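Remarks on the structure that follows.
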Amino acid sequence: MPKVKPHRTNPSLDMTPMVDLAFLLVTFFMLTTKFAAEEVVVVDTPSSTSDIKLPESNIIRLLVDKDKRVFFGFESDKAKGLLLDKIAAKYSLSFDAKQKKNFGNLNSFGVPVQQLGSLLSMSTEQRKKVTQGGIPIDSLNNQLIDWVMEARKANQEAIAKPTFIAIKGDNNADVATVKKVIQILQDKNINRFNLITDLENKPVVSR
Amino acid sequence: MAEIQQSSGGDKGGKKRAKKMSTRIDMTPMVDLAFLLLTFFILTASFNKPNVMQLTMPVKEKNPEEQTVLKASDAFTILMSENDKLYYYEGLLDKDVKPELKLSNYSADGIRKVLLARQRQNPKTVILIKPDDKSNYKNMVDILDEMNITNQTKYALVDVSKADEELIKSSGL
């Protein structure tokens, strides 16, 4: 009588469910991820223990770098075009369709409004090479407040939601410039700010 | 590989059969790729959400006379200077009153202990933060952060005055 041999099976694994799951997650993360757009300048933010997250959209970002320059960034897809129209009307400038499109892709910038047109005509590569001098914040030529006020108005018209004002300052930015920016906004009764910081663990405080 | 190739045993002497080709596809590279992408997107998704710190400045009073006057016993002033230096004094600086200026730092044993001690002593303390033009933004965030850590209820960012600067100079700290 022959010996009964156990039936040999290939130890194969069905990976289909795993692949399904993995791709489901990939799709989910691909759709939800928002890439950090490149900033014009490197701003190394200080850290704080605050764990409030920055809202997703409707933010006016004011960057202050270590060379006392101020940059303006606006995150609102719908109101961005409107903002450019308003600024163009205010300073009696005109922007063509290509420049408007580029403005929509622009994350932040720091040039006087008179030079904005030529900045917007450049390609992305060219724009990286240009050193931007910052938005004028002198009392005589204060373009920053116009940008902020018009951005708030534009956002209100486009989606009827308030904007947040976030100040992103460099570790070595000087307080005088930051205070000046705050002062400018306070003159227009804007008293609430968000300071963008990195996360740091909250220490335990004994009382 | 998910499938382990097995040497087909027990076909010695048997009739040679045409080998049956398996229709199974090796999915391992696909899984590899999927998880690589997954890792990438997970990492980028969680890393680019910045944190914010709320800062509410006091509403500007139209007529300065209507503002309430701060009592000297409740006042606590922090002066921030260059090279991460930090000074503090209790009370208010006046023409005839020269409070004692003390040197501190931003570490956990520095200003935080002082603030907590002061808070226990007088819960009504109002902290005046005076950043010098020579101090940097990091100092400002650090000190505002200390306010949050020690749960201070009343604090304000104030401009540094001439008298404060002279106090630092004369103290020799």
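Predicted model, so just to flag it, every value in this text is computed and none were measured. The sequence lines fix the lettering, A, B, ..., with proteins before strands; numbering per chain opens at 1.
- Side chains of B:M30 and A:F23 form a contact here, defined as non-hydrogen atoms less than 4.5 Å apart.
- Your options are B:D159, B:D145, B:L37, and the one with the most heavy-atom pairs under 4.5 Å with chain A is B:D145.
- Heavy atoms from other residues, nucleotides or ligands lying under 6.0 Å from NZ of B:K124 number 12 at most.
- Residue contact with chain B, scored on non-hydrogen atoms closer than 4.5 Å, is absent for A:K66.
- Contacts of A:A166 with chain B are absent, with no heavy-atom separation under 4.5 Å from either backbone or side chain.
- Within a 6.0 Å sphere centred on NZ of B:K113, other residues, nucleotides and ligands contribute 12 heavy atoms or fewer.
- Applying a 4.5 Å heavy-atom cutoff, the residues of residues 135-144 of chain B that approach chain A are B:S135, B:N136, B:Y137, B:K138, B:M140, B:V141, B:D142, B:L144.
- With sequence neighbours left out, B:T39 forms a side chain to side chain donor-acceptor pair (under 3.5 Å) with no residue at all.
- Both the backbone and the side chain of A:V175 come within less than 4.5 Å of a heavy atom in chain B.
- Proximity to chain B (any heavy atom under 4.5 Å) is shown, for A:T27, by neither the backbone nor the side chain.
- Atoms CG and CD1, from B:L55 and A:I165 in turn, are 12.0 Å apart once rounded to the nearest 0.5 Å.
- With a threshold of 4.5 angstrom between heavy atoms, A:I182 approaches chain B through side-chain atoms but not through N, CA, C or O.
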